[in-house]
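First comes the structure, then the notes that go with it.
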2 protein chains.
Amino acid sequence: MRNITVYDIAKEANVSVATVSRVLNDTAPVKISTREKIMSIINKYQFQPNALARSLISKSTGMIGVILPDITNPFFTEVFLGAEHEARDKGYTFFLCNSGGEYYRESEYLSVLNEKRVDGIIFLGGRVNLVRNKPELVKEVAELAERTPVVLINGNLPKCNIHRVVTDEAFGAELLTQHLIDLGHREIAFLGGMEHIAPTVQKLKAFRRKMEENNLRVRKEWIVYGEYSVKSGKQLMNRLIDMAHRPSAVICVNDFTAVGAIKAAVERGMRIPEHISIAGYDDTPLSTTVIPELTTVSQQSHELGRQAVQILHQLINREKIRKLTLLQPSLVVRQSTGLYTEQR
Amino acid sequence: MRNITVYDIAKEANVSVATVSRVLNDTAPVKISTREKIMSIINKYQFQPNALARSLISKSTGMIGVILPDITNPFFTEVFLGAEHEARDKGYTFFLCNSGGEYYRESEYLSVLNEKRVDGIIFLGGRVNLVRNKPELVKEVAELAERTPVVLINGNLPKCNIHRVVTDEAFGAELLTQHLIDLGHREIAFLGGMEHIAPTVQKLKAFRRKMEENNLRVRKEWIVYGEYSVKSGKQLMNRLIDMAHRPSAVICVNDFTAVGAIKAAVERGMRIPEHISIAGYDDTPLSTTVIPELTTVSQQSHELGRQAVQILHQLINREKIRKLTLLQPSLVVRQSTGLYTEQR
DNA sequence: GTGAAAGCGCTAACAC
DNA sequence: GTGTTAGCGCTTTCAC
């Protein structure tokens, strides 16, 4: 069965395709009787105009591409939800591109999104989180950004001047550090994350600064790099526990890592926060799921997504808009951090 | 700056658009020297053919729509990952449609996916999980399925004969029930889920059957409906704990609910599994994150997604393929269930 | 109010 | 091997 088109509708209604198009788009007055006739035929066949053909002319697809490293991480999932929420009444739909953080897959997706002529792109993780980037990787995005609106979430690309919406991750880390210091902790460790990933570096730097400000020493063996997973958090925490001298508090690079750390500590018979305070970062749903509930920093993930779409929308409509949107993170104190005690 | 097209390439290379198209698609031999000339111009301008125009002709977009109720639930996220994995080398990309389980939004998405002429649709949750469905809701999907390949995951639509890939949820519930009985439990409760949702009904029925088989009584106040969230699990468990007579084991409708149940029990000073055994369903990443780790049933979520894409792919290529693909769930015993003890 | 026809960017006969 | 041309399904001037 051939697909039904405006021509079929026009023919059956004894009008021209132009008229059908007019009622479809309400783009010019049509005599009420002919409009009704056309509508009834449209309904009869459940006719829906081919969006491809429309987009070819209108040069807009109503599609937004989202490139993110890991759909399995609730942080990204929350960002997506925020984006989706904002996009609802604006009529956008989403291409979800799960890059796994691999650059070649990011490149592939960039290219696909371009071919499919998405109206805009939201980019998270992977190359936009690199401390020092490869020129080719940057160039790919920069060139695409000249044709298609792109916004980076919690990331950056050198010399690119691409629109960004970011939370001040350093500030979040400062909040956390100060919180622990206020609780009386003087020996604090930093767990997880990779040395070449910008958000990690920023947090770590802020942590160090805050410690210094308070005349507290940061032991270098208490800065342990790893990944961003529960598994990694567990391993790293075990390493920490095995040390002759343990910290009384631990800041983890994200909630996943913190949960892993808690698991390791509990398995080794420690009580949290009595024996050790553990803090996460991101305030994912996971943080209220775990026992004890996690003290963490809210990145306003939902809001990040919302704002990104809002900016994209303005960009698509050729409105001028500030390049940088900064959101303030906030400390969320729950049960996994407590007053420093001798009891270790 | 106007968009660059095959015409621009053709002009600069002193050939016709047909030749450009030929090198683009490798659809006919082209003299090597002209091919090279064309390629160099393509590279020079970073030309990428407009997929919209291509799709208009080829009648295939390489896009698959995924409608699911909650991107925040790791079960769906794992299914998506499986789908994405299978789709990689097949060249599909995904429209992610988060319905929130609301029928009107499902309808909207169905309509959008149709207009955008996706090559196939994967449908999870919402209306395909209803015990008794509304004809309009069914009709929408059925009609679309005549034009576009559709596969349902863990769902069904009456009289529709749409392709489905499902896990045998009843069998999973039986495994779980038997497991608890084998541990010596005789008083078991069922927590969470809604009365009109098919997967829940199936599990519950299987639970009852298995109990009967073992001459065990199912108290009706121990079957408590609710939702599928951590919060709901917590509430329901608290209700159970408040009862004069408590069960020694609890089967939860999904992992979220089980985690909530664990939280409630722990907060009330109970130890798991010493005081009460708690089991989940789905084997989401959450189940290894919680303390104690969750005994649960694996739905093979990743495989569900993989198979769905595989079937879609065959459907798209007009291959004949069985309507029903059944996956066997498997019991995953971890720490949250244990031998029945008097200690309560 | 309505129709004829051009054109969006591409592919695929068909001709040479 | 390569060019001409007719669509794919729609929107949009420009006439009338």
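Just so it is clear, the values below take in all heavy atoms, side chains as well, and ignore hydrogens, waters and symmetry mates. First the proteins, then the strands, lettered A, B, ... as listed; each starts at 1.
Between the CD1 atom of B:I4 and the P atom of C:dC10 there is a distance of 9 Å, given to the nearest Å. Taking atom CZ of residue A:R35 and atom P of nucleotide C:dG1, one finds them 10 Å apart after rounding to whole Å. Distance NZ (B:K11) to P (C:dG9): 14 Å, rounded to an integer number of Å. Rounded to whole Å, atom P of D:dG9 lies 19 Å from atom NZ of A:K59. Look at CD1 on A:I38: it is 12 Å from P on D:dT11, rounded to the nearest Å. Here D:dT2 presents its P atom at 13 Å from CG of B:D26, a figure rounded to the nearest Å. When the P atom of D:dC10 is taken as reference, atom CG of A:L52 falls 10 Å away, rounded to whole Å. For the pair A:I9 CD1 and C:dG3 C1', the computed distance is 18 Å after rounding to whole Å.
Listed by chain and residue number, A:K139 satisfy the salt bridge (Lys or Arg N to Asp or Glu O under 4.0 Å) test with A:E143 (two or more places apart in sequence, or in another chain).
With hydrogens and angles left out, the side-chain atoms of A:R147 and B:N3 include a donor and acceptor closer than 3.5 Å. There is a side-chain donor-acceptor pair under 3.5 Å between A:Q299 and A:N154. A donor and an acceptor atom, one from each side chain of B:R127 and B:S107, are located under 3.5 Å apart. Using a 3.5 Å distance cut-off with no hydrogens or angles, the side chains of B:R54 and B:N25 do pair a donor with an acceptor.
Each of C:dT11, D:dG3, D:dT11 was ranked by its minimum atom distance to the side chain of A:R54; first place goes to D:dT11. Nearest to the side chain of B:K31, among C:dT11, D:dG1, C:dA4, sits D:dG1. When each of D:dC10, C:dG1, C:dC10 is scored by its nearest atom to the side-chain atoms of A:Y7, the top-ranked nucleotide is D:dC10.
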Between protein and nucleotides 12-16 of chain C, what N or O pairs are separated by less than 3.5 Å?
none

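Note on A:T34: a side-chain N or O is less than 4.0 Å away from OP1 or OP2 of C:dT2. Between B:T5 and the phosphate of C:dG9, there is no side-chain N or O to OP1/OP2 separation shorter than 4.0 Å.
In this structure, A:V20 reaches neither bases nor backbone, as no heavy-atom distance under 4.0 Å exists between it and the strands shown. Among the atoms of the strands shown, none is found under 4.0 Å from any heavy atom of A:S55. Counting non-hydrogen atoms under 4.0 angstrom, A:N14 reaches the backbone sugars and phosphates but no base.
Checked options B:Q300, B:E86, B:H85; the residue passing with B:R306 is B:E86 (criterion: side chain to side chain donor-acceptor pair (under 3.5 Å)).
In this structure, B:E12 pairs ionically with B:K44, as a charged nitrogen and a carboxylate oxygen lie closer than 4.0 Å.
Residue whose closest nucleotide on DNA chain D sits further toward the 5' end, between B:L56 and B:V15: B:V15.
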